[in-house]
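Scope of the values below: all heavy atoms of this structure, side chains included, with no hydrogens, waters or symmetry mates. In this text the structure is predicted, and so the values were computed from the model without any measurement. Sequential numbering from 1 along the given sequence is applied to the chain's residues.
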Amino acid sequence: MNRIYKTLIALSALVALSSCYKEPEFEFAQKGPDMTISCDESALMGGKIDFTADVYDSEYPLSVLNAKLYWDLELGSSVSEIELRTKTEGTYAGSIPVPFEKQLSDGIATVVFKAVNTHLGVTYDTVYVAINRPKFDNLTISSGDNWRRTMAPVDGEEFKYAYTGSLPSNFKPFITTPAVDGKGTELTFGWNGTEIVLNGTQPIPFDIVGSGTITFNTKTFEGTPFVDIRVNDVKTKPVNGAYRAVVLVKKGDKIRVTGVEDFSQWYVDPDHFRVESDGVYFNAVDGYYSFDMNLDYKFVTVRRVKEDGSAATYKDEGAITFMGWGVAHPVMTNQFGWENGAMVTLAEVEDGVYQFSGKAVEETDGTTLGGAWRYDYLSFKFFGQAGWGAEYGTVTLTERAKEWIAVPGNIELASGKTLDLGAEYVMTVTDCTPLDADNKFNCTVDFYKK
């Protein structure tokens, strides 16, 4: 029988005083309800722990019964819980869901039961439950409403399943387990934009067409096949429809990309890269950069980042983030915008010299790679981080920049001015000052037709 211990919750009574009235003091219970627990001794991840609780109190009405599941009680944070209202004395039954987590091995979990009466008397009971990762007879891989196939266990590789065969033309797969231990529901795995996860809402983008072998591991959540794209030997990871690598690169380094067809034919912006007859070379200053490889349209988006891949800032790395309308990469239909925009960083081509260049195109142009400037409308600013916060203060325009742009607030086209369709324009930003007390930096902007 489990050892039960009882505690008294000590609270300060609130007393309202007036010349003619005094609220009665709240009477706290000296002990909690009597409680006897019967609980499953083992359970499977993804399943449930069933329990019953006999709860009685001879002094005060009952209030609630709470049960919390802990992987490690000392960590102080529960992973699952359930609460039952206990209006009358008697037997209460419930089930605590057991999370199905990646990488977690079999072990002993703790369930802490807490019964409370209406006068805040509390009783605790602790139960230990053996938790195991289920080993399924098979999994199901599905695509659309009608395509279903079985993934069988792989001999000698625990928790790994595979399907080999033909695939539908519009393959958008999810992977589902059988119901866990007859208590839990089926578990479905999908994509979250970065990796395979439980309850992912997007199809898993396996790199396979027509036929082949697909594998999935229910412990590591790893699947194959996926593309193996590397930038200077750094493996990319799927992020928001592209494949991203965070690379420490120096100005003049040759950019080596493996896992894609003929990288020399991809679009790379002329600010971050220099294309030579023998390959592609990096044109910006030394630092950490994210390279987003878009396989569908064969272009690369580069951003200055910190070593851990998070967005670089003006204060720390000297990075200037570019946001606004009428400016885009790699085509005009992908304008940066403001909130949740593309937020690229300007290429720092020399220390303190930033550059952004491209062609002037119409707003609806979604095919001209390098269409960077909307010919008839511009409205943009520079920021000191990937979003609102530090930004430019005073912008000084060069004489030739004044021919094309003005700074009434945002940087815009000069009054009555449009860019020449199809022409290439270059913007440079220099003379950048440190952030002042208002979190602003001043700069000089040059803008010219190449």
Side-chain angles (χ1 to χ4, degrees), residues 192-195 197 228-259 268-269 271-274 280-294 299-324 327 329-330 334 336-356 380-393 427-443:
N192 69 352
T194 302
E195 59 185 349
V197 295
D228 185 6
I229 299 174
R230 296 173 187 262
V231 179
N232 286 15
D233 299 324
V234 178
K235 188 173 182 178
T236 61
K237 296 180 179 180
V239 177
N240 299 326
Y243 289 84
R244 176 176 298 172
V246 174
V247 184
L248 175 60
V249 62
K250 295 181 179 180
K251 185 178 177 67
D253 280 354
K254 189 173 184 177
I255 303 301
R256 305 178 309 278
V257 179
T258 58
V268 293
D269 73 78
D271 306 308
H272 286 97
F273 301 98
R274 187 181 78 255
V280 177
Y281 294 82
F282 198 65
N283 192 49
V285 299
D286 303 356
Y288 285 94
Y289 292 84
S290 66
F291 290 73
D292 283 13
M293 316 295 293
N294 188 298
F299 68 83
V300 184
T301 299
V302 179
R303 295 179 178 87
R304 186 75 182 269
V305 295
K306 299 180 184 294
E307 183 176 0
D308 64 1
S310 59
T313 65
Y314 181 77
K315 179 181 179 181
D316 295 335
E317 292 81 21
I320 294 179
T321 300
F322 193 21
M323 293 168 60
V327 287
H329 166 82
N334 191 37
F336 299 150
W338 300 108
E339 296 290 348
N340 301 317
M343 297 186 294
V344 302
T345 50
L346 297 177
E348 190 176 3
V349 295
E350 300 290 348
D351 289 341
V353 179
Y354 303 83
Q355 182 173 294
F356 184 83
F380 60 85
K381 297 181 77 168
F382 309 137
F383 294 85
Q385 60 285 307
W388 299 96
E391 63 176 63
Y392 69 55
M427 177 184 69
T428 59
V429 182
T430 58
D431 304 327
C432 299
T433 63
L435 292 175
D436 62 19
D438 294 325
N439 217 21
K440 296 183 182 296
F441 60 93
N442 301 329
C443 59

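- Put simply, CG on L346 and OG1 on T428 are 10.5 Å apart, with the number rounded to the nearest 0.5 Å.
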Problem set entry | CA sep, side-chain torsions, deciding dist, call: D286, V249, side chain to side chain contact (heavy atoms under 4.5 Å, CB included) | CA-CA 6 Å; D286 303 356; V249 62; over 6 Å; no
Problem set entry | Pair V234-V246, side chain to side chain contact (heavy atoms under 4.5 Å, CB included): steps then yes or no | CA-CA 7 Å; V234 178; V246 174; 5.9 Å; no
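- You'll find the ring centres of F322 and F336 inside the 6.0 Å limit.
- Scanning for side-chain contact (heavy atoms from CB on, under 4.5 Å) contacts around T258 gives R230, with sequence neighbours left out.
- K306 is linked by a side-chain contact (heavy atoms from CB on, under 4.5 Å) to D308, S310, T313, D316, E317, counting only residues two or more places apart in sequence or in another chain.
- The shortest side-chain heavy-atom distance between I229 and V257 falls under the 4.5 Å cut-off.
- With a 4.5 Å cut-off on side-chain heavy atoms, T345 and I320 do not count as touching.
- Proximity of a side-chain donor or acceptor of T433 to a complementary backbone N or O of N442 within less than 3.5 Å is detected.
- Applying the side-chain contact (heavy atoms from CB on, under 4.5 Å) rule to A284 yields the partners H272, F282, Y289; only residues at least two apart in sequence or on another chain are considered.
- The ring-ring contact (aromatic ring centres under 6.0 Å, His included) test applied to Y288 returns no partner, not counting sequence neighbours.
- For T301, the side-chain contact (heavy atoms from CB on, under 4.5 Å) partners are D292, F299, R303, H329, V344, not counting sequence neighbours.
- Counting heavy atoms from C-beta outward, V247 and F291 have side chains that approach closer than 4.5 Å.
- Judged as a salt bridge (Lys or Arg N to Asp or Glu O under 4.0 Å), the pairs with a partner in residues 431-442 (not counting sequence neighbours) are, in order, E391-K440.
- In this structure the side chain of F382 never reaches within 4.5 angstrom of the side chain of C432, judged on heavy atoms.
- In this structure the side chain of K251 reaches within 4.5 angstrom of the side chain of E350, judged on heavy atoms.
- For F273 and Y281, the ring centers sit 6.0 Å or farther from each other.
- Side-chain contact check for Y392 versus F383: every heavy-atom pair is 4.5 Å or farther apart.
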For this session: Dump the intermediate steps for side chain to side chain contact (heavy atoms under 4.5 Å, CB included) on F380 and M427, then the final yes or no.
Result: CA-CA 12 Å; F380 60 85; M427 177 184 69; 3.8 Å; yes
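- Between T194 and P238, the closest side-chain pair of non-hydrogen atoms is not below 4.5 Å.
- Atom CG of residue D271 and atom CD of residue E348 lie 12.5 Å apart, to the nearest 0.5 angstrom.
- Under the 4.5 Å side-chain criterion, counting only non-hydrogen atoms from C-beta, D233 is in contact with R256.
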